[in-house]
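Working notes for the structure below.
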Amino acid sequence: MSLRIVVCVKYVPDATGDRHFADDLTVDRDDVDGLLSELDEYAVEQALQIADEADDAEITVVTVGPEDAKDALRKALSMGADKAVHVEDDDVHGSDVMATSLVLAKAVEKTGYDLVITGMASTDGVMGVLPAILAERLGVPQVTLLSEVKVEDGVVKGRRDGDAASEQLEASLPALVSVTDQSGEARYPSFKGIMAAKKKPVESLDLSDLDLDAEEVGLEGSWTAVDSADKRPERTAGTIVKDEGEGGKQLAEFLAGQKFI
Amino acid sequence: MAEVLVYVDHVDGAVRKPTLELLTLARRIGEPVAVFLGAGGDAAAAVLGEHGATRVLTAEAAEFGDYLVVPKVDALQAAYDAVSPAAVLVPSSAEGKEIAARLAVRIGSGIITDAVDLEAGDEGPVATQAAFAASYTTKSRVSKGVPVITVKPNSAPVEAAPAAGAVEALPVTFSDAAKGTRVVSRTPRESTGRPELTEAAIVVSGGRGVNGAENFAVIEKLADSLGAAVGASRAAVDAGWYPHSNQVGQTGKSVSPQLYIASGISGAIQHRAGMQTSKTIVAVNKDAEAPIFDLVDYGVVGDLFEVVPQLTAEVESRKG
Ligand SMILES: Cc1cc2nc3c(=O)[nH]c(=O)nc-3n(C[C@H](O)[C@H](O)[C@H](O)COP(=O)(O)OP(=O)(O)OC[C@H]3O[C@@H](n4cnc5c(N)ncnc54)[C@H](O)[C@@H]3O)c2cc1C
Ligand SMILES: Nc1ncnc2c1ncn2[C@@H]1O[C@H](COP(=O)(O)O)[C@@H](O)[C@H]1O
C-alpha cells in the first residue's frame, strides 16, 4: 500500500522585501515578490525523507493562494514532490486562519492522505496554529512542532522540544505532523528536479470543487476583523559611539541613566 | 459583569508570570475565572486569587501528561461550557496557542494570536498585534463567536487585585481524540537558575560574533551581573554554541523585555522579528554598518570581547 503524504505549503511575501498591508488591510501579495515559505521547505524535506524510507509513497503538495502561489508549488515539485493541488479562487482572498483551514481541510480530504505534513508557522502570518486547527478539522492526531520525525509500521514518531521539556511523541496514521526548522536543512532543487517539475501535474480547484460557499470564507466570511494596520514609527535614532577603550564604561553610563543599573 | 476564562500556564503548580499578566488584561474586559489543569491547583488558587481570579476551576488527570494537547482542549471546553464566558484568554506559548486554536474551532469562534495588548471595545475586546517583524502594529477583533485570544508575555503589568479565588472542581470527560498522540517520554529541561527568556526584564544575547561555545561565558557573565536571561541568534545556535531553547527570533522565542542587549549579532529580519518590540535596545558590534544599529537606543561599535567584559565589571562595581 502506498503511503499518501500531503504537504501543505504557503506562498508568502519575501521577508527581506518591503512587506505591507493592502488597502483592505489584507497582506499585500501582489506588489511584493513572493516565494515558498522557507519554513515549509522543511516540511517538503521531511516528506521526501519519509517517502525515501517507505516502500512506496506519493507526495502531493497543496496550497491555498493566488495565481502566483503556483511558484511555491513548482519549487516543492522541483525538490521532488510528485504532484500538486492549487486551490485558487478570488473568493478566498482575505481569509483568516479559520477560513483558510476550512478550505485546506477540504482540499486535503479530497486529495486523500495517510500523513499530512506542514511547516511550523508561515513566515508572513506567523500564527503557528493552522496545523493544530487542521488536525482538529480532519479529526486525526496532531503530532506537532517536531524537530525529528520518522514513520515506522503505520506509526509516526517524533521529538518535540517544548518550553519545559523535550518529549517523544507517537501516533498511529492517519495523522498530521508539523516540523520545525531544527528538523534538518532542506535540499536545493537539482537541475534535473527543476526540469522534471515542469511535467508534473498541478490540479486546480475552486470553492465549488470543494463544496464550499463564498460566504464561508474570504474577508467577509472570516472569523476575525482587522480594524487598523499602522506602520510602526521608526525608532528614533539612538546614540552610537565608537569604542576607544571606554565603550563598556560609556554603555554602563547609559544603562545607569536609564535606571537599569 | 461577564466572566472571562483565563487558561493558567504553570510549571508543577508554580503559576508562570504571563498568566498573572493575563489576569490584568482579563480584568479590563470582565471578571477573570482561571482554569488550572494538573496537580497543585489549591496552592495556585491563592496566587491566582491575589491577582484577580474570582473562581479557579481545577481538574487533575493523568491524561494531561500522557497525551499531547487534546486532553487540555477537552478540559478548557468543559470550562467554557460551564462558564459561558465573554472571552477566553490563553498565554501565547507554543502549546497555549494550539490549545486555544482547537478550542476556537470547536466553539465556532475566531482566534487572535500573539496579542501584545488588549482593551475593551464596543464590539468586543480589541487586540493589538505586531506584524511583519514588528514593522506594523495592527488592531483586530474576533468577529464570529466568543473571542479566543492568546497574549504574549510582557504585554501587561502584574497587578495585585485581591479576589475570592474560590476553587471549584471541574468535571472533564475526555473525547475520543484525546488519546491520539501519546507522550512516550519526557525529559525536563535543566534549569539554569536564570530567568525564563520570554519573561525576563533584561535579555542579553550573543550571535556569530561570539565565535565559540566557550566564549558564551562572556555573555553569561554580563547576564548574571544584570539578573538577565541569555539569548542567542540562530547563527550561534546552528553552530552548536548555545541551545535552541535560547534562540531569539522568528523560529525561536519572541521576547519583549525592558532591555535587550545584542552582542555580535547583525540584526537580520528574522532575528528582529523576535526582539524588535523590546523597550530599550542596545548593541555591541564591530561593524558600524550592521543593521542592528538601526534599532538601537545605544550602540557601541567595537569588539565585544573588549566592551562586554568592561561593561560587566562596571555593572558589578556599581552594585558595590
Ligand atoms: C526561515 C528563517 C528563520 C530564521 N529564524 C531566525 C531566528 O529565529 N533567529 C535568528 O537569530 N535568526 C534567524 N534566521 C537567520 C537570520 O537570517 C540570520 O542568518 C541570523 O540571525 C544571523 O545571526 P548573527 O547575527 O549572529 O550572525 P551574522 O549575521 O553573521 O552576524 C554576526 C555579527 O557579529 C559581528 N561581530 C563579529 N565578531 C565580532 C566581535 N568580536 N565583536 C563584535 N561584533 C562582532 C559582525 O560584525 C556581524 O554583524 C532565520 C532565517 C530564516 C531563513
Ligand atoms: N494558504 C495556505 N496554503 C497551504 N498551507 C498553508 C497555508 N497557510 C498555512 N499553511 C500551512 O500551515 C502552516 C502554519 O501556518 P500558520 O498557522 O498560518 O502560521 C504553514 O507552515 C503551512 O504548512
Side-chain angles (χ1 to χ4, degrees), chain A residues 15-16 19-21 39 96-98 120 123 126-129 132-133 136-137 139-145 161-171 180-182 222-232 235 238-243 247-252 254-256 258 260-261, chain B residues 11 68-69 93-95 97-98 101-102 104-105 109-113 131-132 134-145 177 180-189 202 244-245 250-251 259 269-270 280 282 293 295-302 306-311 314-315 318:
Chain A
T16 57
R19 293 182 294 177
H20 56 266
F21 288 90
L39 294 175
D96 68 355
V97 69
M98 284 297 166
M120 64 186 285
T123 58
V126 215
M127 296 185 76
V129 293
I133 293 175
E136 177 75 33
R137 290 202 188 280
V140 300
Q142 99 170 52
V143 200
T144 45
L145 297 172
D161 295 322
D163 256 3
S166 176
E167 296 168 328
Q168 288 292 337
L169 304 178
E170 261 184 42
T180 73
D181 62 336
Q182 297 293 300
S222 282
W223 279 249
T224 46
V226 180
D227 290 333
S228 68
D230 297 308
K231 199 149 175 59
R232 210 179 149 85
R235 292 186 82 103
T239 310
I240 299 193
V241 299
K242 193 167 173 346
D243 178 35
K249 289 189 181 148
Q250 288 167 285
L251 193 43
F254 169 78
L255 295 181
Q258 303 282 316
F260 287 116
I261 50 179
Chain B
V11 182
L68 192 73
V69 173
S93 63
E95 187 187 62
K97 287 206 279 190
E98 293 185 330
R102 295 189 70 134
V105 177
S109 288
I111 179 167
I112 288 175
T113 55
F132 300 148
S135 59
Y136 277 81
T137 302
T138 63
K139 294 212 187 273
S140 21
R141 287 173 289 118
V142 168
S143 48
K144 269 192 207 167
T181 306
R182 297 176 290 284
V183 178
V184 182
S185 67
R186 175 178 286 121
T187 317
R189 203 170 291 299
I202 304 181
H244 180 253
S245 50
Q250 184 181 71
T251 52
L259 172 64
I269 184 84
Q270 295 89 356
T280 299
V282 165
F293 285 125
L295 299 182
V296 300
D297 297 284
Y298 200 89
V300 179
V301 181
E306 305 286 335
V307 177
V308 173
Q310 192 179 64
L311 171 59
E314 200 56 31
V315 175
R318 280 172 196 246

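To find a chain, count down the sequence lines: A is the first, B the second, and so on, and within it residues start at 1. Please read all numbers here as calculations on a predicted model, not as lab measurements.
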Check your understanding: When only pairs under 4.5 Å are counted, which of B:A134, B:S93, B:G302, B:S109 shares the most heavy-atom pairs with chain A?
Key -> B:S109
Check your understanding: How about B:V184 and A:L169: do any of their side-chain heavy atoms sit closer than 4.5 Å?
Key -> no
Point to revise | Selection from A:S166, A:G238, A:A252 maximising heavy-atom pairs under 4.5 Å formed with chain B | key: A:S166
**Study point:** Engaged part of A:Q182 at the chain B interface, taking heavy atoms whose separation is under 4.5 Å
**Key:** side chain
**Study point:** Heavy-atom proximity to chain A below 4.5 Å, by part of B:V105
**Key:** both
Study note, to complete from the structure: Counting heavy-atom pairs under 4.5 angstrom with chain A, the leader among B:Q250, B:R318, B:Q310 is B:Q310
Check your understanding: Which answer fits B:L295, side chain, backbone, both or neither, if we ask what part of it has an atom under 4.5 Å from a heavy atom of chain A?
Key -> both
Practice item. Measure A:I261 against the heavy atoms of chain B and call it side chain, backbone, both or neither at under 4.5 Å. Key: side chain
Point to revise | Interface residue of largest heavy-atom contact number with chain A, from B:V308, B:T187, B:T113, B:V282, under 4.5 Å | key: B:T187
Check your understanding: Going by heavy atoms in the side chains, are B:Y136 and A:R19 under 4.5 Å from each other?
Key -> no
Exercise for review: Return the minimal non-hydrogen interatomic distance between A:V226 and B:S140, and the atom names on each side.
Suggested key: CA-CB, 3.9 Å
Exercise for review: Side chain from CB out, backbone as N, CA, C, O: work out which of these in A:T180 comes under 4.5 Å of a heavy atom of chain B, or both, or neither.
Suggested key: neither
Check your understanding: What part of B:V142 gets closer than 4.5 Å to chain A, counting heavy atoms only: side chain, backbone, both or neither?
Key -> both
Review point. Under the side chain to side chain contact (heavy atoms under 4.5 Å, CB included) criterion, do B:V11 and A:D163 qualify, and how do the steps go?
Key: CA-CA 10 Å; B:V11 182; A:D163 256 3; over 6 Å; no
**Study point:** For B:E95, side-chain hydrogen bond (donor to acceptor under 3.5 Å, both in side chains) partners two or more places apart
**Key:** B:K72
Practice item. Identify which part of A:M98 has an atom lying under 4.5 Å from any heavy atom of chain B, answering side chain, backbone, both or neither. Key: side chain
Exercise for review: Counting only heavy atoms closer than 4.5 Å, note whether B:R186 contacts chain A via side chain, backbone, both or neither.
Suggested key: both
Review point. So which of A:A256, A:A15, A:A164, A:S228 has the biggest tally of heavy-atom pairs under 4.5 Å with chain B?
Key: A:S228
Point to revise | Max heavy-atom pair count under 4.5 Å with chain B, selected residue of A:K231, A:Q142, A:R137 | key: A:Q142
Practice item. Check each atom of B:T181 against the heavy atoms of chain A and say whether the ones under 4.5 Å are side chain, backbone, both or neither. Key: both
Practice item. Using non-hydrogen atoms and a 4.5 Å limit, figure out which bit of A:D96 sits close to chain B: side chain, backbone, both or neither. Key: neither
Study note, to complete from the structure: Whatever's closer than 4.5 Å to a heavy atom in chain B on A:V97 counts as side chain
Study note, to complete from the structure: Pair count under 4.5 Å, heavy atoms only, with chain B: among A:L255, A:V143, A:D181, A:I133, highest is A:D181
Study note, to complete from the structure: Bottom line for A:S222: the part with an atom under 4.5 Å from chain B's heavy atoms is backbone
Check your understanding: How long is the span from the CD atom in B:Q270 to the CG atom in A:L39, to the nearest 0.5 Å?
Key -> 9.0 Å
Exercise for review: Identify the heavy atoms of A:A225 and B:S143 that sit nearest to each other, and give their distance.
Suggested key: N-OG, 3.9 Å
Practice item. Below 4.5 Å from any heavy atom of chain B, which atoms of A:Q250 appear? Answer side chain, backbone, both or neither. Key: both
Check your understanding: Salt-bridged, A:K249 to B:E314, with N to O below 4.0 Å?
Key -> no
Exercise for review: Give, as side chain, backbone, both or neither, the part of B:A131 having an atom under 4.5 angstrom from any heavy atom of chain A.
Suggested key: side chain
Check your understanding: Any side-chain heavy atom of B:T251 sitting closer than 4.5 Å to one from A:M120?
Key -> yes
Review point. Taking all atoms of both residues into account, what is the closest heavy-atom pair of A:Q258 and B:T280, and its distance?
Key: OE1-OG1, 4.3 Å
Review point. Atom CG in A:D230, atom OG1 in B:T137: separation rounded to 0.5 Å?
Key: 7.0 Å
Check your understanding: Can you name the closest pair of heavy atoms from B:I111 and A:T224 and give their distance?
Key -> O-CG2, 3.4 Å
Exercise for review: Please answer whether the main-chain N or O of A:G162 pairs with a side-chain N or O of B:R189 as donor and acceptor at a distance below 3.5 Å.
Suggested key: yes
Check your understanding: Between A:G128, A:G139, A:A171, which residue shows the highest count of heavy-atom pairs closer than 4.5 Å to chain B?
Key -> A:A171
Review point. Between A:A165 and B:P188, what is the shortest heavy-atom contact and its length?
Key: CB-CA, 3.7 Å
Exercise for review: With a 4.5 Å cut-off on heavy-atom pairs, point out which of B:K97, B:H244, B:R102, B:R141 contacts chain A the most.
Suggested key: B:R102
Practice item. Give the member of A:V129, A:V126, A:D243, A:L251 that has the highest number of heavy-atom pairs under 4.5 Å with chain B. Key: A:L251
Review point. What's the shortest heavy-atom distance between A:G247 and B:V300, and which atoms?
Key: O-CG2, 3.9 Å
Practice item. Please list, chain by chain and in numerical order, all residues satisfying salt bridge (Lys or Arg N to Asp or Glu O under 4.0 Å) with B:E98, sequence neighbours excluded. Key: A:R160
